**Student:** 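Below: one structure in C-alpha cells.
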Amino acid sequence: MEKVRRILVHLSRDKSVPQCAKFVQRARFCPFKHLTDTGAAALPDDILNRGVDVGVAVLLQTANQRLLLTRRAASLRIFPNVWVPPGGHVELDETLLDAGLRELREETGLELNPDDVSSQLLGLWESVFPPMLSIGPPKRHHIVTYILLQSSMSHLQLQAFLKPEPAEVSACLWVDASLVKAIVSAVDGEEEPVHLPSNVPQSVSVVEVSSTGELRESAMPASVLCNRAPAQGEDVERVSTGTKYALELWLRTLESQG
C-alpha cells in the first residue's frame, strides 16, 4: 500500500507543494478489466500473492525535442522486443526522480544530475502481462508512473554517452514529434491500417546493442514502430500500449509549450 500511495502524489524537487497525479489509465483490453470472478479465482497463488508492483518510466526529452526509446532485450520474460522508455521498479524510500535517474543510468549508461534536468509527472498506467486475456492469464501487474525529464543537451550529445546494458536493452532510438504522432495513431485494439504520413521517413536510424555491449547503427522500417499489439499468438516488435499513452501526453505537453 505504501508504494501505491507514494506514486499517487508527486512532490516537487523542494518537496513543498504536492501535485496530485491523474487517475490511473489502462488499455481497453486490460485483462483485469475483463477478468471474471471465476478466472480470478483460478489464478495461481504466487500470482495472487505477488500483488501490484510500482514502476517508473522516463521520457527523456532533449534540447532539440527528441525522446529516447529502448527496445527490451529478447531474453526478458516480460514484453521482450517491445519499445519502451527506460525504466523499472521503484525501490523502497526512493523518490520517483531518483528511481527514474537510476534506471536511466542502469539501462542506458546516461548519468544525469538531478539539478541539470527539469522533471514533470505525465501520468499513471496500469500495465499487465500478458496484455490480453486472449493470450493468457495475467502473470505480472504494475502501476507505471511516466515522468518527463528535460535535458539541456541535444540527442547527439547524449548519444555520445550511451552505454546500454545488453541484458536489458537490445536497441536505442531517438524519436521526434512527427514520428511520435504516427506511432500513437496505431491504436492497439483497432484494426484500421496505419499509413505513414509523408513527413515521416520510411526508415529510422537505431543503435543496435550486441550481447557484449557493442553499438552499431542500422536502419529499421518506421512501420515497425506502428505495429499493434496482436490479440492472439506471439507478440511482435512494437511500441508498448502504455508507452503510446505516455507519448500522447508528451505531444500535449509540446503543444502547451507553444
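For clarity, every value in this text was computed on a predicted model and none was experimentally measured.
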**Student:** Can you pull the side chain to side chain donor-acceptor pair (under 3.5 Å) pairs that have at least one residue in residues 160-179, sequence neighbours excluded?
**Tutor:** R71-S170, Q159-W174, D176-S178

**Student:** Side-chain contact test, heavy atoms from C-beta onward, threshold under 4.5 Å: evaluate it for V117 versus Q61 and give yes or no.
**Tutor:** no

**Student:** To the nearest 0.5 Å, what is the distance between CG on L124 and OG1 on T145?
**Tutor:** 5.0 Å

**Student:** Locate the shortest heavy-atom distance separating V184 from K244; write the atom from each residue and the value.
**Tutor:** CG1-O, 3.6 Å

**Student:** What heavy-atom pair brings P31 and P131 nearest, and what distance separates the two atoms?
**Tutor:** CD-O, 3.1 Å

**Student:** Would you compute the distance between atom CG of L59 and atom CH2 of W250 and round it to the nearest 0.5 angstrom?
**Tutor:** 8.5 Å

**Student:** So, does E255 use its side chain to make a donor-acceptor pair with the main chain of R252 at under 3.5 Å?
**Tutor:** no

**Student:** Among pairs that include at least one residue of residues 33-50, which meet side chain to side chain donor-acceptor pair (under 3.5 Å), considering only residues two or more places apart or in two chains?
**Tutor:** R50-D53

**Student:** Walk me through it: do T243 and W83 pass the test side chain to side chain contact (heavy atoms under 4.5 Å, CB included)?
**Tutor:** CA-CA 8 Å; T243 299; W83 289 89; over 6 Å; no

**Student:** Is there a continuous path of hydrophobic side-chain contacts, each under 4.5 Å between heavy atoms, that joins L68 to L112?
**Tutor:** yes

**Student:** Kindly give the heavy-atom pair with the smallest separation between V56 and L96, and that separation in Å.
**Tutor:** CG2-O, 4.0 Å

**Student:** If the plane angle is over 60° it's perpendicular, under 30° parallel, otherwise tilted; pick one for H142 and H89.
**Tutor:** tilted

**Student:** Report yes or no: do V175 and V84 belong to one cluster of Ile/Leu/Val/Met/Phe/Trp/Tyr joined by side chain heavy-atom distances under 4.5 Å?
**Tutor:** no

**Student:** Under 3.5 Å, is there a donor-acceptor pair linking the side chains of S154 and N64?
**Tutor:** no

**Student:** Quick check: closest heavy atoms across P166 and A73, and the distance to 0.1 Å?
**Tutor:** O-CB, 3.9 Å

**Student:** Going from CG on L196 to CG on L179, what distance comes out if it is rounded to the nearest 0.5 angstrom?
**Tutor:** 8.0 Å

**Student:** Given side chains that start at C-beta, do those of Q120 and T253 come closer than 4.5 Å, heavy atoms only?
**Tutor:** yes

**Student:** If Ile, Leu, Val, Met, Phe, Trp and Tyr residues are connected whenever their side-chain heavy atoms lie under 4.5 Å apart, and connections chain through other members, are V239 and M132 in the same group?
**Tutor:** no

**Student:** Quick check for you: to the nearest 0.5 Å, what is the distance between F129 atom CZ and D235 atom CG?
**Tutor:** 7.5 Å

**Student:** So, does T108 use its side chain to make a donor-acceptor pair with the main chain of R105 at under 3.5 Å?
**Tutor:** no

**Student:** For A74 and P80, work out which heavy atoms get closest and say how close.
**Tutor:** O-CB, 3.6 Å

**Student:** Just do the side chain to side chain contact (heavy atoms under 4.5 Å, CB included) check on R28 and C30 with the steps written out, would you?
**Tutor:** CA-CA 6 Å; R28 68 182 70 176; C30 177; over 6 Å; no

**Student:** Check whether any side-chain heavy atom of L76 lies under 4.5 Å from a side-chain heavy atom of I78, and answer yes or no.
**Tutor:** no

**Student:** Which heavy atom of V52 sits nearest to which heavy atom of I143, and what is that distance?
**Tutor:** CG1-CG1, 3.6 Å

**Student:** Are the side chains of S151 and L60 in touch, meaning some heavy atoms are under 4.5 Å apart?
**Tutor:** yes

**Student:** First locate atom CG of N227, then atom CG of L225, and finally report the distance between them rounded to the nearest 0.5 Å.
**Tutor:** 8.0 Å

**Student:** Got Y146 and V144 here, is their nearest side-chain heavy-atom distance under 4.5 Å?
**Tutor:** yes

**Student:** Would you call R26 and T241 a side-chain contact if the rule is heavy atoms closer than 4.5 Å?
**Tutor:** no

**Student:** If you group Ile, Leu, Val, Met, Phe, Trp and Tyr by side-chain heavy-atom gaps below 4.5 Å, do L156 and L162 land in one group?
**Tutor:** no

**Student:** Hey, does the side chain of R228 reach the backbone of E190 with a donor-acceptor pair shorter than 3.5 angstrom?
**Tutor:** yes

**Student:** Within a reach of under 6.0 Å around CD of E111, are more than 12 heavy atoms found that belong to other residues, nucleotides or ligands?
**Tutor:** no

**Student:** Say you draw a straight line from CG of L149 to CG of L101; how long is it, rounded to the nearest 0.5 Å?
**Tutor:** 5.5 Å

**Student:** For F32, which fellow cluster members are found when Ile, Leu, Val, Met, Phe, Trp and Tyr are connected by side-chain heavy-atom distances below 4.5 angstrom, either directly or through intermediates?
**Tutor:** L35, L43, L48, V128, L133

**Student:** Is there a side-chain contact between E214 and E208, using heavy atoms and a 4.5 Å cut-off?
**Tutor:** no

**Student:** Could you go step by step and tell me if Q150 and L148 meet the side chain to side chain contact (heavy atoms under 4.5 Å, CB included) rule?
**Tutor:** CA-CA 6 Å; Q150 299 187 52; L148 174 64; 4.0 Å; yes

**Student:** With a 4.5 Å limit on heavy-atom distance, are the side chains of R77 and K139 in contact?
**Tutor:** no

**Student:** I'd like to know if V224 and L247 are part of one continuous hydrophobic network [Ile/Leu/Val/Met/Phe/Trp/Tyr, side-chain heavy atoms within less than 4.5 Å].
**Tutor:** yes

**Student:** Checking side-chain polar atoms at under 3.5 Å, does E126 have a donor or acceptor matched by the opposite partner on H141?
**Tutor:** yes

**Student:** Output, in order, the C-alpha distance, side-chain angles, deciding distance and verdict of side chain to side chain contact (heavy atoms under 4.5 Å, CB included) for S240 and Y245.
**Tutor:** CA-CA 9 Å; S240 77; Y245 160 71; over 6 Å; no

